[in-house]
Amino acid sequence: MSSERYPFADIEKKWQERWARDGIYTSTVDASRPEFYCLEMFPYPSGRLHMGHVRNYSLGDVVARFFRMNGYNVLHPMGWDAFGLPAENAAIKRGIHPADWTNDNIAYMREQLKRLGVSYDWNREIATCSPDYYRWTQWLFLLFYKRGLAYKASSRVNWCPGCQTVLANEQVVDGECWRCHSQVQQKELEQWFLKITAYADRLLADLEKLPAWPERVKVMQQNWIGKSEGAEISFPVEGMDEKITVFTTRPDTLFGVTYMVLAPEHPLVEKLVAGRPEATRCREIAARSAPVTERERALQEKVGAPTGRYAVNPVNGERIPIWVANYVLMEYGTGAVMGVPAHDQRDFEFARQYGLPVRVVIRPEGLSSTPDPGQMEAAYEGPGIMVNSGSFDGLYSEDGKKHVVAWLEAHGVGRPQVQYRLRDWLISRQRYWGVPIPLVYCDRCGIVPVPEDDLPVLLPRDVDFRPGGPSPLARHQGFVSTTCPACGGPARRETDTMDTFVDSSWYFMRFASPHADRAPFEQDEVNYWLPVDQYIGGIEHAVMHLLYSRFFTKVLHDAGLVDFDEPFKALFTQGMVTLGGSAMSKSRGNIVDPDEIMDRYGADTARLFILFASPPERDLEWSERGVEGAYRFLNRVWRLAREFAEEYPNPDGARIVPERLSRRERDLRRKVHWTIKKVTDDIKERFSLNTAISAIMELVNDIYDFRQPGGNHAPTVSNGDGGARGGNSTGDGVAVLREAIESLVLLLAPFAPHITEELWQMLGKGASVHLQPWPSYDAEAAKAEEITVVIQVNGKVRDRVTVPQDIDEDALKEIALGRDKARAFIGQKAVRQVFVVPGKLVNIVTDA
RNA sequence: GCCGGAGUGGCGGAAUGGCAGACGCUGGAGACUUAAAAUCUUCUGCCAGAAAUGGCGUGCGGGUUCGAGUCCCGCCUCCGGCACCA
């Protein structure tokens with residue numbers, strides 16, 4: 001055996017050019033074949049690929065190539081999420097125009113992807129910053145606008161001082177900007193929103209339609225949407241023609257209300273306190289809460305003050321003091337709550353702090369008497385029997401909820417209500433490098449949408465990037481001043497651009513018809529390819545991108561533009577690539593550069609290592625030694641196949657006649673077919689690419705054993721002792737070896753596309769290995785002749801015995817009981833029972 | 001606090017309730033070589049033993065079972081999501 005190293009650089013370059021020339025990965029609609037849409041999350045063109053990209057795209061490529069070889073018409077496209085802040089920051093810092101910076105990065109990263117050998121249909125490449133694309137993003141925005149799903153409103157929004165723009169709720173993580181980690185501030189601003197809350201219920205309910213999504217992603221979306229069911233209840237304000245409406249999940253505790261609380265910024269506060277001595281203190285609380293984010297507020301001490309006003313409990317006419325307190329959020333529910341200290345921990349703490357009364361109205365189950373409020377150390381939030389609740393006394397609280405709501409509804413003072421934590425999606429950004437919102441402000445006509453025929457509203461190139469002040473677009477007179485599409489009079493353009501997540505909320509549809517110029521996509525094409533059959537990407541998009549995309553898909557579905565209402569049938573979230581235990585990042589300085597790895601070992605090695613080192617959903621620790629192992633393996637495959645091809649250059653050799661094969665030949669053949677089944681199942685059923693690769697490695701090890709003349713290492717599935725006949729000089733042996741090596745190359749092709757292509761050609765086979773049918777599994781050949789059965793005594797393994805595969809239970813039992821080792825452990829004890837698991841083991845159970 | 005996931009050799013990791021540690025890395029020994037590298041062969045969970053072999057072993061404590069890494073109950077630790085959401 002030689003120690004030759006294979007020339008990966010030449011091979012990889014050669015085949016990449018050949019594939020591109022022959023267009024073997026281009027796809028078109030073909031109704032005669034099943035389709036498969038395999039998609040990986042497209043990257044932001046930040047400069048160069050990182051290992052996370054390599055992992056993501058290697059995973060996707062295995063899936064795409066596997067389904068292609070299995071006869072599917074595969075769509076596997078790639079593009080660029082090309083709008084975003086880093087481009088603009090580069091412009092500010094280094095004076096490079098964002099468009100140039102972005103296009104340079106795309107050009108470089110495209111070459112890197114090609115170098116990795118990913119089987120994309122490059123004819124479908126898209127970039128969200130291209131006018132051909134963002135024209136349709138604008139068109140979709142107008143569709144939302146016309147359907148009442150895009151609106152402008154003034155509200156308290158998250159402002160990132162670092163990025164100098166507002167952010168969506170989803171983009172604030174632990175009170176910080178998800179991109180630059182600045183402390184986010186609160187500002188009252190007029191902004192554009194998309195009405196995702198109108199779809200909250202469907203976004204939640206339809207998670208059930210996604211069995212092939214990871215549980216944790218669905219749970220994250222569930223948490224984010226945050227549905228809670230309860231009631232809205234109105235309390236009239238004493239002596240005023242006003243009422244306070246609260247949302248509660250506990251209408252069963254309505255008799256336990258001992259105070260009301262308004263959020264400090266609640267519009268009613270001013271009316272209640274105007275001209276009263278309590279006004280000063282209430283306004284103080286409001287002023288202190290105003291600039292603070294919700295998160296910081298959660299950490300603050302509870303502070304409140306009475307307004308001096310009273311409300312009336314509609315259920316029993318009781319007078320209840322109205323307070324203002326910082327623990328009530330204006331953004332959730334109605335901005336007002338009823339205080340039930342006995343059955344809500346927050347209310348309990350607040351009541352204790354300010355000496356408000358506590359009244360128990362739920363008796364915990366199993367308790368014979370009602371707890372004494374003075375003795376309570378915490379609120380009782382569980383269910384129980386209603387007490388001190390008038391005609392509702394004695395009801396179980398869960399049933400009581402319905403009865404109380406029915407009573408309220410009958411008296412016109414309440415109704416059932418569902419609340420969501422989800423807020424509408426704020427999409428305005430005060431930045432340049434994004435899609436202009438296609439609207440015009442006219443003093444006469446108000447807000448006027450730009451007519452579809454005038455799209456796209458082009459982003460001007462000549463803008464002023466100096467930081468500070470209004471956004472570059474707002475400073476660009478040529479952009480701002482326009483004429484009103486309705487009346488022709490002078491008008492101003494909207495200068496906000498859209499959140500880049502709008503761009504990525506529909507790109508997977510554009511791939512179906514990337515060149516369509518009369519619509520965002522052709523309907524027949526989008527309905528042929530979509531939904532995406534397998535979507536692959538990072539967990540960091542569990543809420544943002546994946547929720548927004550689901551929302552877009554549902555709106556487009558309702559508008560009759562697409563047939564499907566969920567975009568991604570199956571989702572796979574890959575783990576991070578780490579070095580030294582933490583994510584690779586520039587600031588940590590623990591980067592491994594994909595280019596460097598490809599220079600040293602080639603793309604196939606890089607791909608193979610990253611797929612082998614860890615199960616795809618788990619984090620992967622980078623290991624230089626591991627990379628070398630992958631490289632060593634590919635060299636082993638190379639030498640094996642090349643030497644065989646040299647020895648037996650003519651591929652039309654003897655056919656395999658199973659009855660004529662020697663024991664060794666049958667054993668190898670069994671391993672080949674076992675491997676085919678294992679690799680197929682691992683890819684298709686389990687996404688277990690690391691074990692698929694290990695199975696291929698086992699096959700290679702066994703082929704090496706087979707070739708070794710004196711070798712007596714039987715293939716591991718055979719359980720046999722190999723047999724005396726060495727070598728493979730017979731025609732049968734060559735045929736078996738050929739089958740093994742050809743199968744090996746085919747099975748390895750999705751993982752290591754270049755080396756397998758070269759070997760396939762070397763073996764004298766015809767067209768591209770990637771266009772070959774996936775090897776089929778022969779159950780007959782895979783069947784074991786002999787099996788090793790474990791013999792246990794009282795559950796402990798004491799012996800092993802090799803028996804014919806089809807031995808019957810009784811015979812096996814006899815053999816087991818007759819074994820010397822088994823008898824030694826049985827000793828004088830009586831055999832009570834013998835368990836036989838066919839093909840696996842015998843367990844002899846004795847008396848103690 | 002609520003929800004989700006994970007915990008297995010020196011390391012990455014494998015195991016439809018049925019041989020724990022496949023495969024790879026690391027390390028040891030040998031072959032080839034003037035030598036080294038590469039390659040090939042072989043061993044490599046822990047303890048005892050010269051060996052045969054025996055005992056122990058999947059975060060901890062219980063349980064179900066002929067048999068548990070796997071199922072059930074109760075904990076611990078780590079990772080992630082949500083959290084003053086009424």
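So you know, we letter chains A, B, ... as the sequences are listed, proteins then strands, and number each from 1.
- If you check every strand for non-hydrogen atoms under 4.0 Å, A/Phe825 touches sugar and phosphate atoms only.
- The base of B/C82 is not paired with the side chain of A/Asn223 by any donor and acceptor separated by under 3.5 Å.
- Residues A/Glu809 and A/Lys813 are not paired through a salt bridge, judged by the lack of any N-O separation under 4.0 Å between the basic side chain and the carboxylate.
- With B/C19, B/C82, B/C84 as the candidates, the nucleotide lying closest to the side chain of A/Tyr327 is B/C84.
- A/Arg664 and A/Asp667 are not joined by a salt bridge, as no carboxylate oxygen comes within less than 4.0 angstrom of a charged side-chain nitrogen.
- Checked against B/G13, B/C56, B/G18, the side chain of A/Lys796 finds its nearest nucleotide in B/C56.
- B/A15 and B/G49 are spaced 36 Å apart, taking the P atom of each and rounding to whole Å.
- In this structure, A/Arg55 atom CZ and B/G12 atom P are separated by 14 Å, rounded to whole Å.
- Taking side-chain N and O atoms only, A/Arg5 has no distance below 4.0 Å to OP1 or OP2 of B/U39.
- When heavy atoms are screened at a 4.0 angstrom cut-off, A/Val790 is found touching base atoms of the nucleic acid.
- Side-chain N/O atoms of A/Lys302 include none lying less than 4.0 angstrom from OP1 or OP2 on B/A86.
- Pairing of B/A15, defined by two Watson-Crick or G-U wobble distances under 3.5 Å, is not identified with any nucleotide.
- Taking 4.0 Å as the cut-off between side-chain N and carboxylate O, A/Glu381 and A/Arg250 do not count as a salt-bridged pair.
- As judged by a 4.0 angstrom heavy-atom cut-off over every strand, A/Val340 is placed among residues making no nucleic acid contact.
- When the side-chain nitrogen and oxygen atoms of A/Arg618 are compared with OP1 and OP2 of B/A14, one or more of them lie within a distance under 4.0 Å.
- Here A/Gly333 lies out of heavy-atom contact (under 4.0 Å) with every strand.
- Atom CD in A/Gln419 sits roughly 8 Å away from atom P in B/A86 (whole-Å rounding).
- Salt-bridge check for A/Asp681 with A/Arg686: failed, with every basic side-chain N at 4.0 Å or more from each acidic carboxylate O.
- Mapping A/Val219 and A/Ser228 onto RNA chain B via the closest heavy atom, the residue that lands nearer the 5' end is A/Val219.
- In this structure, the nucleotide among B/C85, B/G18, B/A86 sitting nearest to the side chain of A/Val837 is B/G18.
- For the OP1/OP2 pair of B/A14 and a distance below 4.0 Å, the side-chain nitrogens and oxygens of A/Asn690 include at least one atom meeting the criterion.
- Nearest to the side-chain atoms of A/Leu329 among the listed nucleotides B/A86, B/A14, B/C19 stands B/A86.
- OP1 or OP2 of B/G24 has at least one side-chain nitrogen or oxygen of A/Asn701 nearer than 4.0 Å.
- Distance check on atom P: B/C11 versus B/G5 gives 26 Å, rounded to whole Å.
- Using atom C1' as the reference point in both B/U64 and B/A68, the two lie 10 Å apart (nearest Å).
- Checked for salt-bridge contact, A/Glu698 and A/Lys678 miss the test: no charged N lies under 4.0 Å from a carboxylate O.
- Across the C1' atoms, B/U34 and B/C46 are found 42 Å apart, a figure rounded to whole Å.
- No side-chain heavy atom of A/Phe835 sits less than 4.5 Å from a side-chain heavy atom of A/Val842.
- When heavy atoms are screened at a 4.0 angstrom cut-off, A/Arg216 is found touching the sugar-phosphate backbone but no base atom.
- If you check every strand for non-hydrogen atoms under 4.0 Å, A/Pro214 touches nothing.
- Going from the P atom of B/C43 to that of B/U58 covers 26 Å, rounded to whole Å.
- Regarding A/Arg832, its CZ atom lies at a distance of 12 Å from the P atom of B/U65, rounded to whole Å.
- Nucleotide B/U58: unpaired (no Watson-Crick or G-U wobble partner with both distances less than 3.5 Å).
- Spacing between atom CD of A/Glu643 and atom P of B/C40 amounts to 10 Å, rounded to whole angstrom units.
- In this structure B/G7 sits in a base pair with B/C76, meeting the Watson-Crick or G-U test at under 3.5 Å.
- Distance from the side chain of A/Val797 is smallest to B/C19 among B/C19, B/A15, B/A14.
- The P atoms of B/C3 and B/C66 are separated by 34 Å, rounded to the nearest whole Å.
- Under the 4.0 Å criterion applied to side-chain N and carboxylate O atoms, A/Arg600 and A/Glu628 are not assigned as salt-bridge partners.
- Nucleotide B/A29: paired with B/U41 (Watson-Crick or G-U wobble, both distances less than 3.5 Å).
- With rounding to whole Å, A/Phe633 atom CZ is found 19 Å from B/A38 atom P.
- In terms of phosphate contacts, A/Arg707 brings no side-chain nitrogen or oxygen within less than 4.0 Å of OP1 or OP2 of B/U41.
- Taking side-chain N and O atoms only, A/Arg625 has no distance below 4.0 Å to OP1 or OP2 of B/G12.
- Across all strands shown, A/Ser623 has no heavy atoms under 4.0 Å from either base or sugar-phosphate atoms.
- Pairing partner, B/G1: B/C82, with both Watson-Crick or wobble hydrogen-bond distances short of 3.5 Å.
- In terms of phosphate contacts, A/Ser694 brings no side-chain nitrogen or oxygen within less than 4.0 Å of OP1 or OP2 of B/A22.
- Regarding A/Asp705, its CG atom lies at a distance of 7 Å from the P atom of B/U41, rounded to whole Å.
- Salt bridge annotation for A/Arg639-A/Glu4: absent, with no cationic side-chain nitrogen under 4.0 angstrom from a carboxylate oxygen.
- Taking atom NZ of residue A/Lys218 and atom P of nucleotide B/G5, one finds them 11 Å apart after rounding to whole Å.
- Its glycosidic angle being within 90° of 0, B/G9 falls on the syn side.
- Nearest-nucleotide positions on RNA chain B for A/Met220 and A/Phe835 put A/Phe835 closer to the 5' end.
- Contact annotation: side chain of A/Lys840 to base of B/U16, donor-acceptor pair present below 3.5 Å.
- Rounded to whole Å, the C1' atom of B/G69 lies 16 Å from the corresponding atom of B/C56.
- The side chain of A/Met697 sits closest to B/C23 out of B/U41, B/C85, B/C23.
- Here A/Asn794 lies out of heavy-atom contact (under 4.0 Å) with every strand.
- Spacing of P atoms, B/G18 relative to B/G67, comes out at 14 Å, to the nearest Å.
- The phosphate of B/U53 (OP1 or OP2) has no side-chain N or O of A/Arg798 nearer than 4.0 angstrom.
- For A/Arg686, taking side-chain heavy atoms from C-beta onward, the closest of the listed nucleotides B/G13, B/U41, B/A15 is B/A15.
- For A/Asn843, the listed nucleotide lying nearest its side chain is B/G18; candidates were B/G12, B/C40, B/G18.
- Between A/Tyr259 and A/Phe350, the gap from one ring centroid to the other is short of 6.0 Å.
- Two rings, from A/Phe609 and A/Trp622, have their centers less than 6.0 Å apart.
- Rounded to whole Å, the distance from CG on A/Leu547 to C1' on B/C82 is 14 Å.
- Distances shorter than 4.0 Å separate some side-chain N or O of A/Arg632 from OP1 or OP2 on B/C25.
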